[in-house]
A.B. asks: 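Quick one: the structure is below, questions incoming.
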Amino acid sequence: MTSLVELRILEGPNLYFPRAAVKLTLDVSTITEASDEAVLRFARRIGLRTTRPGAAGSGFRARFAVRAVERLVRAIASEAGTRRLAVRVRPTSDPDVLVVAFPWRNRGRARALGEAVAHALDALPTPDLDAAVSAAAAEVADAEWGERPTTITPGIPVVAVTGTNGKTTTSRMIAHIARTSGLVVGWSNTDGIYRDGVLVEAGDYSGPSGASRALGLEGVQFAVTETARGGILLKGIGITRNDVSVVTNVTADHLGLQGIDTVDQLAEVKSVVPRITRKDGWAVLNGDDPRVLAMRAVISAQPWIFSRDPDSPAVREVLTDGGRATTVIDGWVTVLAPGTDPDPLVELVDVPMTLAGLSRFNIENALAAASAALAIGLPRADVVAGLTSFRPDPEHNPGRMNFFSLPGEVSVVMDLAHNEAGLEALLEIMAGVRRPGARLLLGLGAVGDRTDELIDALGEIGAKGSDVVAIGHKAHYLRGRTMDEIDILLRAGAARVKVTDIDTYPTEVECLAALVERARPGDVVGLMCHAEREQAYDWIAAHRGTADTPEVLSAKVRAAQESTGGE
């Protein structure tokens, strides 16, 4: 068995270093299970002459393995001619598996070092360990130097957006504001690469290639990059720095993948984006999310927080330290700075993305977008114009809280809603436009690369928050699971709240059609749409549905509020 589980070349800033690095995932059972004699011999060879490694299989031995692997990497690098090398070693949920990272300047030598470390670990049980480590160093010394990192140093202003929910909407709003200001904007997100509002290349470009392509588009004067967890972990960030960063929030999503098992670990991954923000730039952080607010401790940039509560301790602390804040005062999006009067930008009701002030998440997205746009230096008037002209429709924000009206007084809301927080937000919005006596009908679904617990939770949340629930599967996003597996998990969650009458459909569109057919006047149909957005749009259009204008949506909200006494 080889010790090398995975060797990954990270092209740019990453979880471990603010520059290109090699990430090794190593099975270190040759250390954790070795005899006392073998492990002491190994310790002496790498320069740990006074150490107590503990018994095989113990927690003390696992701790020793972390220290020993770091020394092994340095020893091989040193013998190969690299005198100074930063090394990070992290445990995983498996005590026999470690993650090791070190920066690189030449791909060939870096890859050779990673492979040589694994070869030395493989040789640990052999008597001639000294020769094995020397041979590993010789492998590195003889390797071709290879190419340099391809990380781009931007020559134009860059806003980088990350977070669990809201990053696509927020990045689109920032790009729209910049275009309103007359700039040619390139941006990358989970839908593709855009130049000045036109899709150049479809696909998920929330990784490093998206940033580099957006910056490389002809004539681009301003860039907005969406940076997802997967891109940071698997390839690193494609640019060396940004001028303004935004972190929308951090909630449970994609846990159990690439060694990220907890929300705190996920927050650490997201913090890479504000950590590479220029010192004279701004890190825009969600002051209502403790994990995001805590990123103030790792940034060099100036903090600019956004919060729905103008009296929150986070706002007071940041202003005391000379930072900025964007909040809501008397229904106005308002900017706060030390020693000056509040600056009311625009009323929330005039910002279409807030859905007449109904959407808590989109209020936060609007606050984040306004903060970033002002922080990067866009004119105040253009920020206001951009906020008031960006709409929750398929043109401006496809797939995110898109509202439609169908014949028979039926409303349809489509949203990605791919995790617990996203689904709760969708249900909140659906309830906000429901008239008394009307029902909420939910098209529930999940992608396959979520944990059993998260898919189960979606079933419970969806069933508890709606009157009728049906399952619409996402065949292109099963990611190793079967439809039956996902079905069982969603139904198990729904059963906990005594909901068992659930129909299943093989596609999202078939689920939508079935729910609309069951809908009565005033009902609201919500669809968790991930795989068939365009097909769902086409189905709605073919059935004489129309996208709601901000005026129509405001009228629906008012009708729902008036019927319930404004509650």
Side-chain angles (χ1 to χ4, degrees), residues 2-28 30-32 46 62-80 82-122 136-137 139-140 143 146-151 162 207-208 227-241 257-262 264-276 298:
T2 177
S3 300
L4 184 59
V5 177
E6 182 186 51
L7 188 157
R8 187 169 287 279
I9 303 290
L10 305 177
E11 290 286 348
N14 53 79
L15 179 58
Y16 313 100
F17 293 99
R19 54 193 183 280
V22 171
K23 174 192 170 189
L24 301 175
T25 305
L26 297 172
D27 183 327
V28 294
T30 52
I31 299 177
T32 57
I46 59 176
R63 292 275 178 174
F64 167 78
V66 172
R67 187 178 173 206
V69 168
E70 179 181 348
R71 290 296 292 263
L72 176 62
V73 176
R74 294 183 191 278
I76 293 174
S78 178
E79 291 183 33
T82 300
R83 299 302 174 192
R84 297 177 60 189
L85 181 68
V87 182
R88 304 279 186 271
V89 183
R90 294 186 175 214
T92 68
S93 56
D94 184 339
D96 290 333
V97 176
L98 295 178
V99 170
V100 182
F102 53 87
W104 64 277
R105 289 194 179 92
N106 298 94
R107 182 187 295 267
R109 288 289 291 265
R111 179 177 289 278
L113 176 56
E115 293 170 347
V117 169
H119 295 160
L121 287 175
D122 293 341
E139 285 180 46
V140 181
E147 61 192 19
R148 307 278 286 186
T150 57
T151 323
T162 193
T227 308
R229 166 210 59 88
I232 297 171
L233 289 170
L234 298 176
K235 295 183 179 179
I237 296 176
I239 54 178
T240 59
R241 57 167 174 76
L257 300 174
Q258 287 95 39
I260 303 303
D261 301 308
T262 69
D264 286 334
Q265 290 174 335
L266 183 60
E268 188 180 17
V269 175
K270 303 289 187 184
S271 73
V272 174
V273 175
R275 271 169 36 205
I276 63 167
V298 299

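This structure is a prediction, so every number in the text was calculated from the model and none was measured. In this chain, numbering begins with 1 at the start of the sequence shown.
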A.B. asks: Restricting to non-hydrogen atoms, name the atom on Glu70 and the atom on Val89 that form the minimum distance, rounded to 0.1 Å.
C.D. replies: CB-CG2, 3.7 Å

A.B. asks: Would you call Asp94 and Asp27 a side-chain contact if the rule is heavy atoms closer than 4.5 Å?
C.D. replies: no

A.B. asks: Which distance, rounded to the nearest 0.5 Å, do you find between the CZ of Arg74 and the CZ of Arg84?
C.D. replies: 10.5 Å

A.B. asks: Which pair of heavy atoms, one from Thr32 and one from Ala65, lies closest together, and at what distance?
C.D. replies: CG2-CB, 4.2 Å

A.B. asks: So which atom in Ile276 and which in Pro18 form the shortest heavy-atom distance, rounded to 0.1 Å?
C.D. replies: CG2-CB, 4.5 Å

A.B. asks: May I ask you to check whether over 12 heavy atoms, not counting those of Arg105, lie within 6.0 Å of atom CZ?
C.D. replies: no

A.B. asks: Taking side-chain contact (heavy atoms from CB on, under 4.5 Å) as the criterion, tell me which of Thr227, Asn14, Thr162, Ile237 meets it with Val272.
C.D. replies: Ile237

A.B. asks: Using atom types as modelled and distance alone, determine if a side-chain donor or acceptor of Asn106 lies under 3.5 Å from a backbone N or O of Trp104.
C.D. replies: no

A.B. asks: Is it the case that the side chain of Arg109 and the backbone of Ala143 share a donor-acceptor pair, with hydrogens and angles ignored and the cut-off at 3.5 Å?
C.D. replies: no

A.B. asks: What is the distance from atom CD1 of Ile31 to atom CG of Leu26, rounded to the nearest 0.5 Å?
C.D. replies: 8.5 Å

A.B. asks: Determine which pairs satisfy side chain to side chain donor-acceptor pair (under 3.5 Å) with at least one residue from residues 111-121, sequence neighbours left out, and list them in order.
C.D. replies: His119-Glu139

A.B. asks: Do Thr92 side-chain atoms and Val97 backbone N/O form a donor-acceptor pair below 3.5 Å?
C.D. replies: yes

A.B. asks: Quick one: pull up OG in Ser271 and CD1 in Ile232 and give me the separation to the nearest 0.5 Å.
C.D. replies: 8.0 Å

A.B. asks: Check the pair Val22 / Leu113 against side chain to side chain contact (heavy atoms under 4.5 Å, CB included), numbers first and verdict last.
C.D. replies: CA-CA 9 Å; Val22 171; Leu113 176 56; over 6 Å; no

A.B. asks: Once you round to the nearest 0.5 Å, how far does CD of Gln265 lie from CD of Glu268?
C.D. replies: 7.5 Å

A.B. asks: Can Glu147 and Arg107 be counted as an ion pair, charged N to O under 4.0 angstrom?
C.D. replies: yes

A.B. asks: Determine the minimum heavy-atom distance between Ile76 and Ala120, stating which atoms define it.
C.D. replies: CD1-CB, 4.0 Å

A.B. asks: If you compare all heavy atoms of Thr151 against all heavy atoms of Pro13, which two are closest, and at what distance to 0.1 Å?
C.D. replies: CG2-CD, 3.9 Å

A.B. asks: So, taking the atom named CZ in Phe17 and the one named CZ in Phe102, what distance separates them when rounded to the nearest 0.5 Å?
C.D. replies: 9.5 Å

A.B. asks: Okay, side chain of Asp122, backbone of Ser3: is any donor-acceptor separation there less than 3.5 Å?
C.D. replies: yes

A.B. asks: Mind checking the NZ-CG spacing from Lys23 to Leu233? Nearest 0.5 Å is all I need.
C.D. replies: 6.0 Å

A.B. asks: Could you work out, with side-chain hydrogen bond (donor to acceptor under 3.5 Å, both in side chains) as the rule, every residue matching Arg19, not counting sequence neighbours?
C.D. replies: none

A.B. asks: So, for Ala68 and Ile46, which heavy atoms are closest and what is the spacing to 0.1 Å?
C.D. replies: O-CD1, 3.4 Å

A.B. asks: Any donor and acceptor pair, going by atom type alone, linking the side chain of Arg90 with main-chain N or O of Val100 inside 3.5 Å?
C.D. replies: no

A.B. asks: Does Leu121 offer a backbone N or O that forms a donor-acceptor pair with the side chain of Thr30 under 3.5 Å?
C.D. replies: yes

